[in-house]
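A quick note: this is a predicted structure, and the numbers were derived from the prediction, not measured.
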Amino acid sequence: QVQLVESGGGLVQAGGSLRLSCAASGRTFSSYAMGWFRQAPGKEREFVAAVNRSGGSTYYADSVKGRFTISRDNAKNTVYLQMNSLKPEDTAVYYCAARPFAVVQTTSYNYWGQGTQVTVSS
């Protein structure tokens, strides 16, 4: 069982930056691939970024590539999403998620956080 708690969301102007954090409970954090997803009103939840268990491989949606960076600190049981050059279309609730072993870029993750709101004003 893994419990995930996101933080760091908020209101930012277009072009600004935010850093999301996701703290995980449990002693086996390094056994899980971690992902960030987002869901805007009236839209389906979509993949944003993912990182493998060691942190050595990262994956991004085309819409955020070059602007967002995912990273993890296994000693702190935390995964991060650094978001730069934010756009109004990045506005959504952002969720972190965990799944054992391999990264996937779908919503097939076993554990989910409660989400944190990111709002980008134009």
Could you tell me whether a side-chain N or O of [X] sits under 3.5 Å from a main-chain N or O of [Y], the two making a donor and an acceptor?
X: Arg67; Y: Ser85; result: yes
X: Glu6; Y: Cys96; result: yes
X: Thr116; Y: Gly9; result: yes
X: Arg38; Y: Thr91; result: no
X: Tyr59; Y: Asn52; result: no
X: Arg53; Y: Val103; result: no
X: Ser122; Y: Pro88; result: no
X: Gln13; Y: Val120; result: no

Under 4.5 Å between side-chain heavy atoms, hopping through other hydrophobics if needed: is there a path connecting [X] to [Y]?
X: Tyr60; Y: Leu86; answer: yes
X: Phe68; Y: Leu18; answer: yes
X: Val51; Y: Phe29; answer: yes

Indicate the ring-plane relationship of Phe37 and Phe47, choosing parallel, tilted or perpendicular according to the 30° and 60° boundaries.
perpendicular
Is it true that atom NZ of Lys65 has more than 12 heavy atoms of other residues, nucleotides or ligands lying nearer than 6.0 Å?
yes
Are there over 12 heavy-atom neighbours, none belonging to Gln3, within less than 6.0 Å of that residue's CD?
no
Cationic tip of Arg45 within the cone over Tyr95's six-membered ring, i.e. under 6.0 Å and within 45° of the normal?
yes
After noting the C-alpha distance and the side-chain angles of Ser17 and Asn84, does the key distance pass the side-chain hydrogen bond (donor to acceptor under 3.5 Å, both in side chains) rule?
CA-CA 4 Å; Ser17 298; Asn84 298 329; 2.9 Å; yes
